[in-house]
Amino acid sequence: MERKTHITRRDFLRTAALTTAATAAPFIRIGKAEEADPLKFALIGCGGRGKGAALQAMEVAKNVEVTVLADAFAERAKGFQKQLRSEKGIKIPDDMVFVGLDAYKKALATDVDFVMLATPPCWRPIHLEAAIDAKKHVFAEKPVATDVVGTRKFIAASEKAKKLKLSIVAGTQRRHDRAYIETIKKIHDGDIGKILSARSHCFTEEIILMSSRPEGMSDLEWQLRNWYGFSWTCGDRNVSNHVHELDVINWALGGHPISVVAGGGRAWKTPEERLGNIWDSICCDYEYPNGVHLCSLTRQWFNVPGGRGAYVVGTKRGSNCCDMGRGGRSSYLQEHANLIASIRGTGHYYNEGVQVAESTLTAIMGREAAYTGQRLKWDEFIKSDLDLMPKNLSFDLDARNPISPIPRPGMPAIPVPSSRK
């Protein structure tokens, strides 16, 4: 797939205008009485975020109900089945609860109208591709990949969805937050002047410490159950969490960066197996068109101040990207209201696939620049063969998927397309 990757100033401003127009659609009133057209959906990934998203979708509109559950692990799918019955009176039959690595295929074969993809992000490209082939509308949690090959697959599926008029809303919920929408429109209109620089940070203390591996558990099951600790499953914190702020900066600047240099490491993590192989801090210097630079910081440390934010500085003033707009309803609810209205044809049509994929790739490129110590260019990186997803996955395979070593700058080099080797 050939894509334009170099952004001129004219392209830069045109993209910003189109992005604002697409995301500044009228807000859909939650719980509209006329939204009576029944919709059924499948939840693929029954962890905490998936369960939360399913409950939020059923809160925002009438006649919307989860009817199918799928997860790699039985206790998660069946646990949510029991929770829905006891707390919401929703009775999902046992034959609509699917378990295993192929559970998503069985869920997509049912008569649901849309699906929620809330598994670890390494699965998102595979699941989106299958969902679009099954002609289902989609809510896709962020991030949407952990490597370049997966990102390209997600983009291709998103573009196919557009041709089929299938809706895709991503879990970058600030795109549905009135304060952000109105502020970024004003930024694009020149209210802060010409943008000179940007900065973002994501400082978190919520560190999920994995327990020791139970006797006899395979590498694959161990890593999938503890997916926050491995680069192929979560993408590192720069991808799994900081993608929110990077998405806001891309939105404000009207496009993705053209290059990045980065550094970081593991300040407190020892090489124990239970601590995985990701770093606990990454610092990136992203370059955007017209010489604008973004200083991006992410860290995951104990007993230090937390916080997160995205800022742009212009010739007139600075902005945190949400300070020139009105507050409103929860964007976690609004994103589902907008998806449902898009599906029903009662609101703006949404397909956020490409924009969330480009924000995800922005985060991945920063991670790889840190891991390798190299300056990476977008137009080269997007063509690389970086593929972290193991092949022929099965819990029963004798040949296990070994845990990758902790990355060290200079090792490994990023794969390039076969034609360039």
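These numbers come from a predicted model, not from an experiment.
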More than 12 heavy atoms of other groups within 6.0 Å of K78 NZ: yes
Whether over 12 other heavy atoms sit under 6.0 Å from F203 CZ: yes
Centroid separation Y371 to W279 less than 6.0 Å: yes
Cation over ring face, R225 and F73, 6.0 Å, 45°: yes
Output the distance between atom [atom1] ([X]) and atom [atom2] ([Y]), rounded to the nearest 0.5 Å.
X    : Y    : atom1 : atom2 : result
S158 : E129 : OG    : CD    : 11.0 Å
T360 : N250 : OG1   : CG    : 10.0 Å
L253 : I187 : CG    : CD1   : 8.5 Å
I155 : Q355 : CD1   : CD    : 11.5 Å
C284 : E368 : SG    : CD    : 11.0 Å
L39  : D113 : CG    : CG    : 5.0 Å

Give the ring-plane orientation class for [X] versus [Y], where under 30° counts as parallel, over 60° as perpendicular and anything between as tilted.
X    : Y    : value
F139 : H336 : tilted
H127 : W123 : parallel
F41  : F114 : parallel

Derivation of the side-chain contact (heavy atoms from CB on, under 4.5 Å) call for N351 and S167: CA-CA 5 Å; N351 185 320; S167 301; over 6 Å; no
Verdict with reasoning, L43 to C46, per side-chain contact (heavy atoms from CB on, under 4.5 Å): CA-CA 7 Å; L43 174 62; C46 300; 4.0 Å; yes
Shortest non-hydrogen separation from W227 to P121 and the atoms involved: CZ3-CD, 3.4 Å
Keeping [X] on the side-chain end and [Y] on the backbone end, is there a donor-acceptor pair under 3.5 Å?
X    : Y    : result
T362 : E358 : yes
R308 : H242 : no
N290 : V292 : no

Check against side-chain contact (heavy atoms from CB on, under 4.5 Å), V312 and C321: CA-CA 7 Å; V312 290; C321 299; 4.3 Å; yes
Check whether the side chains of [X] and [Y] place a donor and an acceptor atom closer than 3.5 Å, and report yes or no.
X    : Y    : result
N226 : R213 : no
Q173 : Y332 : yes
D94  : Q81  : yes

Among V260, V261, D285, side-chain contact (heavy atoms from CB on, under 4.5 Å) partner for R375: V261
K40 and its side-chain contact (heavy atoms from CB on, under 4.5 Å) partner, picked from T110, T67, V68: T67
Looking at side-chain heavy atoms only, is the closest gap between [X] and [Y] below 4.5 Å?
X    : Y    : result
R199 : L297 : no
L333 : E59  : yes
R367 : I364 : yes
V99  : E75  : no
T172 : W251 : no
V354 : E159 : yes
L117 : Y104 : no
S200 : L294 : yes

Ion pair D247/R175, N-O distance below 4.0 Å: yes
Test side-chain contact (heavy atoms from CB on, under 4.5 Å) applied to R174 and E245, step by step: CA-CA 9 Å; R174 294 172 198 175; E245 287 74 34; 3.0 Å; yes
